[in-house]
Amino acid sequence: MRCSSDSVNRRSPDAPEWFPDWSGQTVVIVASGPTASQAPLSLAKGKARFVVINSSWKLAPWADVLYACDYAWWAQHGGVPAFSGLKVSIDGRAASMPEWNIRHLLSNRGDDRIVLNESGRVGWGGNSGMHAFNFSVQTCPSKIILVGFDMTIKYGLHWHGKHDGNLNNPSPNNIGRWIKALDAAAGTVASVGVKVFNCSHVSELKKYPKMFFEDALEA
């Protein structure tokens, strides 16, 4: 796999038929950290592809992809019928609900390494942010902009507060794993020609340069 700004139709030939090809484009991934609500996302509307995670679809309802890992989240929100883009999950139970129209993303459970050689399968990393990031890299963009990847609970759990019911919320123990997996992927992602900018000024990630959202769009 090799991506660059002049990429044309570089989607892997083994990719599922629904898997997007965003060769040479910019992808904005909107996670759920408290800083996500501060980013001027509308500046990138029509200029970038958007992947939104869990309830962050409400910050960018025009997004191309809504990703959520857990069946319990999809069930709590009834499959998110208000979202008209592509819906993706690694949870086979969620993907098996025909009325929800969710595509099944495979995962190497327990293996936190990023996957590049098999489109439609991602590394685990213990969190939806890693899954959405791995998915986005496989679409072969020229640039990825991370929003809300705070990787800390010093300033709150999510921009929308605590998940209700039996849904998991971040804790210091699992956040450490998330940081390790995402930072470990940085060199591999750079080697295939994808630039990554982190637009959370409080983020605990160390391997991706931090930048204001407006500047990352132009970088």
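Only heavy atoms go into these numbers, but all of them, side chains included; no hydrogens, no water, no symmetry mates. Computed from a prediction, not measured in an experiment: that's the story for all the values here.
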Shortest non-hydrogen contact between [X] and [Y], atoms and distance:
X	Y	value
Cys199	Ala216	SG-CB, 3.8 Å
Ala94	Ile102	O-CD1, 3.8 Å
Gly78	Pro81	O-CD, 3.5 Å

[atom1] of [X] to [atom2] of [Y]: how many Å apart, nearest 0.5 Å?
X	Y	atom1	atom2	value
Cys69	Ile53	SG	CD1	10.5 Å
Ser89	Tyr67	OG	OH	5.5 Å
Ser32	Phe149	OG	CZ	9.0 Å
Glu118	Asn108	CD	CG	7.5 Å

Counting N and O atoms only, with roles assigned by atom type, does the side chain of [X] sit under 3.5 Å from a partner on the main chain of [Y], one being a donor and the other an acceptor?
X	Y	result
Lys210	Ser203	yes
His104	Val88	no
Trp178	Met130	no
Trp74	Ala68	yes
Asn198	Tyr208	no

- Hey, any chance Val147 and Phe212 share a hydrophobic cluster, counting ILVMFWY side chains that come within less than 4.5 Å of each other, even indirectly? no

- Report the C-alpha distance between Leu146 and Ile144 in whole Å, list the side-chain angles of each, state the deciding distance to 0.1 Å, and finish with yes or no for side-chain contact (heavy atoms from CB on, under 4.5 Å). CA-CA 6 Å; Leu146 304 178; Ile144 292 175; 3.9 Å; yes

- Item | Side chains of His131 and Ile90 in contact at under 4.5 Å (non-hydrogen atoms) | yes

- Message: Just so I know, are the side chains of Glu214 and Leu43 near enough to count as touching, which here means a heavy-atom distance under 4.5 Å?
- Response: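 Yes, close enough: below the 4.5 Å cut-off.
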
- Query: Hey, is Lys143 close enough to Glu218 for a salt bridge, meaning N to O under 4.0 Å?
  - Reply: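 Salt bridge flag = no for Glu218 with Lys143.
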
- Considering only NZ, NE, NH1 and NH2 on the basic side and carboxylate oxygens on the acidic side, decide whether Asp64 and Arg49 come within less than 4.0 Å. yes

- Item | Aromatic plane relationship, Phe135 with Trp18 - under 30° parallel, 30 to 60° tilted, over 60° perpendicular | parallel

